[in-house]
Amino acid sequence: DGGATVVYPDGARLVLGPGSKARLPAGPDDDPGRVILDRGVAQVRAGDRPVVVPTPFAPAAGDAGRFPVYSGPASSRVQAEEGTGRMTDP
């Protein structure tokens with residue numbers, strides 16, 4: 001399986017790792033740029049606005065910098081490599 005890259009107008013990027021499973025919400029009230037990470041890893045680089053990546057356990061968020069988001073069968077985690085990255089309350 002290959003990965004995929006989402007590039008946002010403000011310069012933010014989300015790169016899905018090989019074997020990752022993600023989806024785009026389809027509801028009329030959903031943010032059209034939101035990517036939901038069901039499993040695997042997403043490398044995120046925030047742009048001019050905060051980036052939120054929902055996972056099955058809790059959303060990961062970052063206001064600046066670069067942070068990978070990991071979603072496994074029993075938990076999710078984020079690791080700030082540059083700037084901020086954190087798990088938030090569901």
Could you see if [X] belongs to whatever hydrophobic cluster contains [Y]? Use Ile, Leu, Val, Met, Phe, Trp, Tyr and a side-chain cutoff under 4.5 Å.
X   : Y   : value
V52 : Y70 : no
V15 : V7  : no
V6  : L37 : yes

Worksheet item: Have S76 and T55 got a donor and an acceptor in their side chains that come within less than 3.5 Å?
Response: yes
Worksheet item: Which distance, rounded to the nearest 0.5 Å, do you find between the CD of Q43 and the CD of Q79?
Response: 9.0 Å
For a 4.5 angstrom cut-off between non-hydrogen side-chain atoms, does [X] reach [Y]?
X   : Y   : answer
R13 : T5  : yes
V35 : L24 : yes
P68 : E81 : yes

Discussion item. Quick one: does any side-chain atom of D38 pair with a main-chain N or O of A22 as donor and acceptor, under 3.5 Å?
Written reply: no
Practice prompt. Examine distances only and state if a side-chain atom of D63 and a backbone atom of P50 form a donor-acceptor pair shorter than 3.5 Å.
Written response: no
What closest approach, in Å, do [X] and [Y] show between heavy atoms, and which atom pair accounts for it?
X   : Y   : answer
P56 : S71 : CD-OG, 3.4 Å
M87 : A60 : SD-CB, 3.8 Å
S20 : V41 : OG-N, 3.0 Å
F67 : V78 : CD1-CG2, 3.4 Å

